[in-house]
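Heads up: the structure comes next, in structure tokens.
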Amino acid sequence: MSLVNADLSRINKCFKSPSWKPSAASRRNKNAKALLAEEQKVLAERQQQNGSSNKNFMDAANYFNLEAPPSLVPRKWYCDITGLEGKYRSVGSGLRYHDKEVYAVIKTLAPGVDQQYLELRHANVILR
Amino acid sequence: MTSTPYSQLRSRGDTPVLPPPLVYKIRDAQPTLEPEPVTHGWKAGLPIAIDLGSYQTRIGYTSSDLPSHIFPTLSSKLRDRKISKTYHLVGNDIYLDNAARQTARSPFDGNILANWDLVENILDYSFSKIDVQSIDRVDNPIVINEAVGSLFSQRKNLQELLYECYNVPSASVGIDSMFSFYKNGGRNGLVISSGHEASYVIPVYNGKGIFSKSKRIDWGGHQSSQFMMDLLGMKYPTFPSKLNQAQSTFLVQDHCYMSTDYKEELNHFLDFDGLETRERVVEAPYTEVVANQKSEEELAKIAERRKESGKRLQEQAAKMRSEKLAQKESELIYYKELKERVAELLTKRDQQHLLETEGFDDERALLRTINDLEKSIKRSRKDDDGDENESVEVEVPTFPLLDIDDSELDAEQIKAKRHQKLLKANWEARQRFNEEKKLEKLKKQEEERKEKEWREDNLSSWIEDKRGKLNNLLQKKRDRQKLKEELSNRKSLASQMRMKSIASLAAETKGSKRRRANGGGSGSGGSAGSSANGATGDVDPDDTFGADDGDWSIYRDIVNVIDSEAEEEERQEIEMLENSLLEFDPDFSIEDTLEAEMDWRKSTIHMFLRGPREFDPLSQAHSYRMHLNVERIRVPEVLFQPTIAGIDQAGITEVSRMILLERLNADTRSSISKKIFLTGGQTLFPQFDQRVRSEFTSILPTGAEFNVTRANDPLLDAWKGMAKWANAEESKDSFLTKSEWHEMGPDYIKEHQFTVQ
């Protein structure tokens with residue numbers, strides 16, 4: 001019963017404009033990737049309109065120039081299995097490991113599991 | 001010498017009975033029974049603040065101190081097939097129904113608003129829950145948040161929704177973390193805001209965000225809980241219940257904390273000492289299976305029955321074994337006689353004839369049979385070795401018929417004679433066997449005596465010898481392990497050698513077949529020998545395979561299986577050596593044994609998976625437990641080292657350093673770096689502020705004064721700031737009215753201190 005009471009389509013929405021119809025463009029379902037591509041286009045267009053001399057516009061924050069740049073400090077490595085310090089790298093799979101005990105575990109991993117571990121840090125091999 | 005398990009030796013005396021471990025239940029989202037209540041108090045013109053976050057939406061009239069409704073930004077479409085009805089459930093109402101919870105979707109894709117139907121659902125729900133009563137319009141100014149650097153299309157869609165769908169008179173858009181900073185009285189400072197989908201570092205000068213110098217790190221609470229879920233999935237691949245997103249989020253919230261010195265803490269996290277206080281044991285819900293309890297009497301009865309039947313079986317097996325052994329012995333004698341008889345015959349032809357009547361192809365086959373029999377008898381005797389209560393027959397049975405010639409007996413007696421002959425052979429075999437056993441025993445005693453003498457004479461050389469033997473065995477074990485590993489790799493030398501042996505064996509079979517075919521074709525071989533050759537196909541004068549017993553090991557090598565029997569034997573031998581060393585070698589302690597080496601107390605993996613206690617694989621409770629240890633600091637650490645989770649971005653410290661030292665001029669820098677402000681759900685991790693303090697000490701010039709403050713309420717201060725600001729004088733000119741919107745066109749906003757551009 002409570003489901004019926006909670007159902008949004010049955011709730012009184014007097015505050016909505018009766019003539020409201022969303023524009024088709026806004027409701028086409030796009031994922032983030034498509035939206036970002038669109039945004040890039042818009043940005044390029046506006047830049048052209050404003051002229052590249054407009055420093056203000058170039059400096060303004062947008063989705064893309066906000067992104068933090070890659071790190072410049074030397075990367076630290078951690079064991080892929082335990083998360084401890086990972087000084088060594090397994091030659092076959094590329095997994096990082098902490099000590100010989102973890103290495104013994106790596107050697108007995110079922111095929112494919114090494115890639116799953118690598119996927120945790122987006123270092124897996126992606127076949128296309 | 002009886003062997004004592006290592007764990008017993010170790011636990012003798014020095015391990016007190018441990019109190020039960022502290023186990024946390026894994027929290028899950030609680031189902032609700034009633035729909036979200038409605039808040040009354042609507043008045044035309046009263047501003048409404050909406051904090052539309054990717055984790056939660058908070059909404060309420062700015063006249064109150066707190067948002068009246070806080071709910072997850074989720075919407076669910078639920079279809080009941082039985083009554084063919086569709087329900088649209090939003091926010092807290094999705095917890096009314098389990099299926100609704102499962103199908104709930106967020107309008108956000110990452111930190112971008114992507115699904116505007118769902119946004120509309122959420123706003124409908126919000127306005128209806130605060131009981132907006134104006135007709136065809138929401139007659140209230142709106143303050144709503146957006147992310148730094150949100151897309152043009154997002155602003156456009158949001159304005160379209162507000163001005164066209166809800167007909168709001170005016171609206172203002174701002175950055176949530178700026179409102180939170182404002183609420184906490186900040187003017188200058190560096191705002192670190194870590195939310196559900198992303199984290200931001202924003203310098204603020206004179207109350208105004210410098211967004212062009214800000215940076216975003218693509219890591220937030222959502223990613224954290226996903227990371228936790230993936231980590232645990234890999235850690236416990238056979239965990240009996242599946243973790244859902246809500247549970248994983250609770251795990252992160254309840255058990256993770258920010259390490260103040262990650263490297264140092266990590267180095268000792270899994271040490272045995274104190275691990276119990278560092279780790280958190282969490283338990284998934286399960287229903288206990290209670291085994292049928294039987295009364296003591298019943299149990300005793302069952303044990304008795306089992307014992308009896310076991311005894312009977314043992315007896316039967318022993319009887320069968322001895323019968324079989326006797327039969328084999330008599331067969332052996334018979335074949336040995338046959339061998340002699342064959343040797344007595346003069347011509348080859350006669351020999352062959354005799355052999356063939358006895359069912360052998362040639363003499364070699366006979367020899368092989370004899371050899372096999374001898375071996376199997378030896379083996380079964382060895383098995384019986386431990387049987388001490390073997391009754392020794394004192395009485396010598398007589399076999400009278402054997403001395404009488406066949407011609408003096410009738411058919412019946414001949415039969416009896418044959419039987420007696422067998423019995424005699426049997427008896428003799430047994431005698432021989434007992435004799436041998438006695439000898440063996442003597443030999444053993446002698447050996448032991450010698451050992452003792454040696455030991456007492458020259459302990460060091462004895463120890464050296466034993467240790468050498470032990471090391472040999474251990475080395476063999478290691479080598480075997482290595483070989484096994486190498487064989488699993490197709491390209492390894494060991495695998496290639498194996499393939500080579502297989503190939504050469506295959507080639508040999510082929511070759512001999514060809515040879516045989518040639519011989520038959522020419523018709524030159526007409527002798528009995530050649531016909532036997534043709535029949536069996538494995539007799540080739542050049543083929544010496546099998547003459548040496550070692551030849552057969554090639555099959556063992558290529559079949560590539562573990563010889564469990566041999567391994568068990570080896571293990572026993574190791575244990576025996578270890579035990580005698582333990583007894584007599586003062587330098588050989590219990591810590592040096594193989595079992596001690598394999599002890600779970602020394603295993604990092606055990607500490608990682610099962611904590612500082614023994615794991616009982618049969619215990620249901622144990623199998624439903626997860627041990628959070630390294631994960632507790634590993635998951636929050638991603639904010640400072642995004643590479644841990646494979647994010648190719650700099651962490652909070654590096655980004656802040658870059659912004660402060662490279663992108664701001666000295667004046668603004670000095671005033672901004674004095675205050676580091678933390679807001680957003682992720683900054684709720686315990687010790688987050690301490691970590692930030694120590695990190696900033698390292699990047700700011702020595703002696704630079706700064707303080708790190710966390711928002712009063714990192715989750716709600718954004719909304720509170722919106723409410724405060726909407727009622728303040730300074731916001732008067734910052735609302736964009738509907739007519740202005742019509743005039744200025746899409747995605748124009750009125751700039752104020754908390755907006756971008």
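Chain identifiers are assigned alphabetically (A, B, ...) following the order of the sequence lines, protein sequences preceding nucleic acid strands; residue numbering begins at 1 within each chain.
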Practice problem: Side chain from CB out, backbone as N, CA, C, O: work out which of these in A/Asp80 comes under 4.5 Å of a heavy atom of chain B, or both, or neither. | Solution: backbone
Quiz item: Between B/Asn267 and chain A, which part of the residue has a heavy atom less than 4.5 Å away: side chain, backbone, both or neither?
Solution: side chain
Quiz item: Roughly how far, to the nearest 0.5 Å, is CZ of A/Phe15 from CD1 of B/Ile130?
Solution: 8.5 Å
Quiz prompt | B/Gln641 versus chain A, the contacting section by heavy-atom distance below 4.5 Å | solution = side chain
Self-check item: Max heavy-atom pair count under 4.5 Å with chain B, selected residue of A/Val73, A/Leu66, A/Ile11
Solution: A/Leu66
Quiz item: Heavy-atom distance under 4.5 Å between the side chains of B/Asp136 and A/Ser17, does that happen here?
Solution: no
Quiz item: In terms of heavy-atom proximity below 4.5 Å to chain A, should B/Ile112 be classed as side chain, backbone, both, or neither?
Solution: side chain
Exercise. Kindly say whether the aromatic ring centers of B/Tyr262 and A/Tyr78 come within a distance under 6.0 Å.
Key: yes
Quiz item: So which part of B/Asp93 gets closer than 4.5 Å to some heavy atom of chain A, the side chain, the backbone, both or neither?
Solution: side chain
Quiz item: Does a side-chain heavy-atom distance below 4.5 Å link A/Trp20 with B/Glu120?
Solution: yes
Practice problem: List the atom of A/Gly83, the atom of B/Leu266, and the distance in Å for their closest heavy-atom pair. | Solution: O-CD2, 3.4 Å
Exercise. Compare all side-chain heavy atoms of A/Leu43 with those of B/Phe152 and state whether any distance is below 4.5 angstrom.
Key: yes
Quiz item: Under 4.5 Å between any side-chain heavy atoms of B/Ser128 and A/Asn12, yes or no?
Solution: no
Self-check item: Most chain A-contacting option - heavy-atom pairs closer than 4.5 Å, from B/Val655, B/Ile217, B/Val148
Solution: B/Val148
Quiz item: Checking B/Val90 against chain A: side chain, backbone, both or neither under 4.5 Å from a heavy atom?
Solution: side chain
Practice problem: Among A/Arg75, A/Lys33, A/Lys13, single out the residue with the greatest number of heavy-atom pairs under 4.5 Å to chain B. | Solution: A/Arg75
Quiz prompt | Pair B/Asp124 + A/Lys16: basic N to acidic O under 4.0 Å | solution = yes
Quiz item: Can you check whether B/Lys215's main-chain N or O pairs, donor with acceptor, with A/Glu67's side chain at less than 3.5 Å?
Solution: no
Practice problem: Please examine the side chains of A/Asp7 and B/Thr86, heavy atoms only from C-beta on, and report whether any two atoms are closer than 4.5 Å. | Solution: no
Quiz item: Short question: side chain of B/Arg216, backbone of A/Ala68 - any donor-acceptor pair under 3.5 Å?
Solution: no
Practice problem: Identify the two heavy atoms, one from A/Ala6 and one from B/Pro35, that lie closest to each other, and give their separation to 0.1 Å. | Solution: CB-CB, 3.9 Å
Quiz item: What pair of heavy atoms forms the shortest contact from A/Thr82 to B/Phe608, and how long is it?
Solution: O-CE1, 3.4 Å
Quiz prompt | Top contributor to chain A interface from B/Ser75, B/Pro642, B/Ala198, B/Ser603 [non-hydrogen pairs under 4.5 Å] | solution = B/Ser603
Quiz item: Given side chains that start at C-beta, do those of B/Asp109 and A/Lys30 come closer than 4.5 Å, heavy atoms only?
Solution: no
Practice problem: Look up atom CD in B/Gln226 and atom CG in A/Leu120, then write down how far apart they are to the nearest 0.5 Å. | Solution: 10.0 Å
Practice problem: Output yes when a side-chain donor or acceptor of A/Arg121 lies under 3.5 Å from a complementary backbone atom of B/Thr643, and no otherwise. | Solution: no
Exercise. Walk me through it: do B/Tyr87 and A/Arg10 pass the test side chain to side chain contact (heavy atoms under 4.5 Å, CB included)?
Key: CA-CA 9 Å; B/Tyr87 301 105; A/Arg10 259 157 272 241; 4.2 Å; yes
Self-check item: Contact class of A/Leu72 relative to chain B, heavy atoms under 4.5 angstrom
Solution: both
Quiz item: How many angstroms lie between atom CD1 of A/Ile81 and atom OG1 of B/Thr604, to the nearest 0.5 angstrom?
Solution: 12.5 Å
Quiz item: In terms of heavy-atom pairs under 4.5 Å, which option from B/Val201, B/Asn115, B/Leu151 contacts chain A the most?
Solution: B/Leu151
Quiz item: Checking heavy atoms, do the side chain of B/Lys85, its backbone, both or neither come under 4.5 Å from chain A?
Solution: side chain
Quiz item: Which residue out of A/Leu84, A/Leu36, A/Asn31 racks up the most heavy-atom pairs below 4.5 Å with chain B?
Solution: A/Leu84
Quiz prompt | Option that, when pairs with chain A are counted at under 4.5 Å, heavy atom only, ranks first among B/Leu123, B/Ile633, B/Asn111, B/Ile659 | solution = B/Asn111
Quiz prompt | Value rounded to 0.5 Å, distance of CE in B/Met234 from CD in A/Glu119 | solution = 9.0 Å
Quiz prompt | Portion of A/Glu39 that has a non-hydrogen atom of chain B nearer than 4.5 angstrom | solution = side chain
Practice problem: Determine the option with the most heavy-atom pairs under 4.5 angstrom with chain B, choosing from A/Cys14, A/Pro18, A/Ser9. | Solution: A/Cys14
Quiz item: So do A/Val42 and B/Ser153 actually touch side chain to side chain, heavy atoms under 4.5 Å?
Solution: no
Practice problem: Pick one of side chain, backbone, both or neither for B/Asp218, based on which atoms fall under 4.5 Å of a heavy atom in chain A. | Solution: side chain
Self-check item: B/Lys738 atom NZ: more than 12 heavy-atom contacts under 6.0 Å
Solution: yes
Practice problem: Check whether any side-chain heavy atom of A/Pro69 sits under 4.5 Å from a side-chain heavy atom of B/Met658, and report yes or no. | Solution: yes
Exercise. Please flag which part of B/Gln133 lies under 4.5 Å from any non-hydrogen atom of chain A: side chain, backbone, both or neither.
Key: backbone
Exercise. Go through B/Ile644, B/Asn167, B/Val138, B/Ile605 and name the one with the most non-hydrogen pairs under 4.5 angstrom from chain A.
Key: B/Ile605
Exercise. Tell me, yes or no, whether the heavy-atom count around A/Lys107 atom NZ, taken from other residues, nucleotides or ligands under 6.0 Å, exceeds 12.
Key: yes
